[in-house]
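Encoded as structure tokens, the structure appears first; notes follow it.
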Amino acid sequence: MREIRRHFASDNYAGICPEAWAALEEANAEHAVGYGDDPWTARASDLIREVFETGCEVFFVFNGTAANSLALASSGQSYHSILCHETAHVETDECGAPEFFSNGMKVLTVPGPLGKVDPSGIEQLVLKRTDLHYPKPRAVSVTQSTELGTVYAAEEVKAVRAKAKEHALTLHMDGARFANAVASLGVQPKEITWQAGVDVLCFGGTKNGAHAGEAVVFFNRDLAREFEYRCKQSGQLCSKMRFLSAPWVGMLEDGAWLRHAAHANAMARRLHDRLLGLTEVKILFPVQANAVFADLPLPVALALRQIGWKFYSFIGQGGCRLMCSWDTREEDVEAFAADLEVCLREAPRDIPIPTGRSRKL
Ligand SMILES: Cc1ncc(COP(=O)(O)O)c(C=O)c1O
């Protein structure tokens, strides 16, 4: 097995980007007040307000599952429901945390092409039942960029919002890869958030280059009421908060967050172009952010793994997700594509295929 330094399994595999690292180092130089009353947290919150060009409430938590769950919990009561796409991380990969942290809000799924919520599906779920025995819909959650590597255009967010508003639902955005969506669309962050009607955004830092941490950004400030208590109760109030907030300062101050996202997107585009036209390889979804989904013959995927490549397969039988990061290099793309070409030529097709699929994103 060859030593491979950068994989395509997940943007979580990548290390800490230099800007976040430098800020952490600086924050480490002296003492600072704990629990968020420190200059780094104040500066990071202000920078987020500058990025979105609006007043908003900002909270830093350790990870995306907590950010999503607590943000969604703040939108309703235990008897409410949350509507999201059937591939949404909040439904498929958070171990019931949104239900847990909301004391029972039920997650209901909506279909829609390319990982995006179909607004008419929202209506169908809302109108399906209006009686007392049904968990009353209260929030819609969309993921930007989506779990399938596609991106909602501003108009698409607005269409979801219009339907949500019609039925008095709040709009939550899981932005674990929000930076990749902004870089892909070339819009101002406000255009696909509060101007499109998003009430609360979980703004991803980890996949963008931080060591850990997501920012929960409430554009609808009413929803932020007592949110700090939710954070504390759920173990998400970081005592040395500056180490969650400082990376944001490093990454936002000089635009590194967008540069890194644009780079990851460009690497995905390059990988896509390299795979396009290879016999037996089928690109599954439009490549609009930093992920390429490709259908590979199972023996070929297996042979790539035997060489040492790591990537996930969870979309059907041979569907592989190839995720690019801020640190993916052109030579990584080339090395993967070259190995894939060899495996396509040489991998025996009659070997027994192990059953079961890997799951985690
Ligand atoms: C779409 C999406 N949302 C949220 C998350 C955040 O999850 P975690 O709790 O692992 O930080 C992830 C991570 O894989 C994700 O892909």
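Read the numbers this way: they start at 1 and go in the same order the structure lists the ligands and their atoms. All of these numbers come straight from a predicted model, not from anything done at the bench.
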N/O donor-acceptor pair under 3.5 Å between T206 side chain and A210 backbone: no
Which pairs pass salt bridge (Lys or Arg N to Asp or Glu O under 4.0 Å) with one or both residues in residues 53-69, sequence neighbours excluded? E53-K190, E57-R221
By number and element, which atoms of ligand 1 are closer than 4.0 Å to a non-hydrogen atom of [X]?
X	answer
A176	2 (C), 3 (N), 4 (C), 5 (C), 15 (C)
K207	12 (C), 13 (C), 14 (O), 15 (C), 16 (O)
N68	4 (C)
R177	16 (O)

Under 3.5 Å, is there a donor-acceptor pair linking the side chains of D174 and Q144? no
Using distance alone, with no hydrogens and no angle criterion, decide if H89 and E147 have a side-chain donor and acceptor under 3.5 Å apart. no
For T143, is the nearest heavy atom under 4.0 Å from an atom of ligand 1? yes
Please report whether ligand 1 has a polar contact with T65, defined as an N or O pair separated by less than 3.5 Å (distance criterion only). yes
Contact partition for E214 relative to ligand 1, non-hydrogen atoms under 4.0 Å: neither
Answer with side chain, backbone, both or neither: which part of D174 has a heavy atom less than 4.0 angstrom from an atom of ligand 1? side chain
So H7 and Y13, would you call those rings parallel, tilted or perpendicular, with 30° and 60° as cut-offs? perpendicular
Return a table of donor-acceptor pairs under 3.5 angstrom between the side chains of residues 104-116 and protein atoms on other chains or two or more places apart.
residue, atom, partner, partner atom, Å
K116, NZ, V151, O, 2.9
K116, NZ, E156, OE1, 3.0
K116, NZ, E156, OE2, 3.2

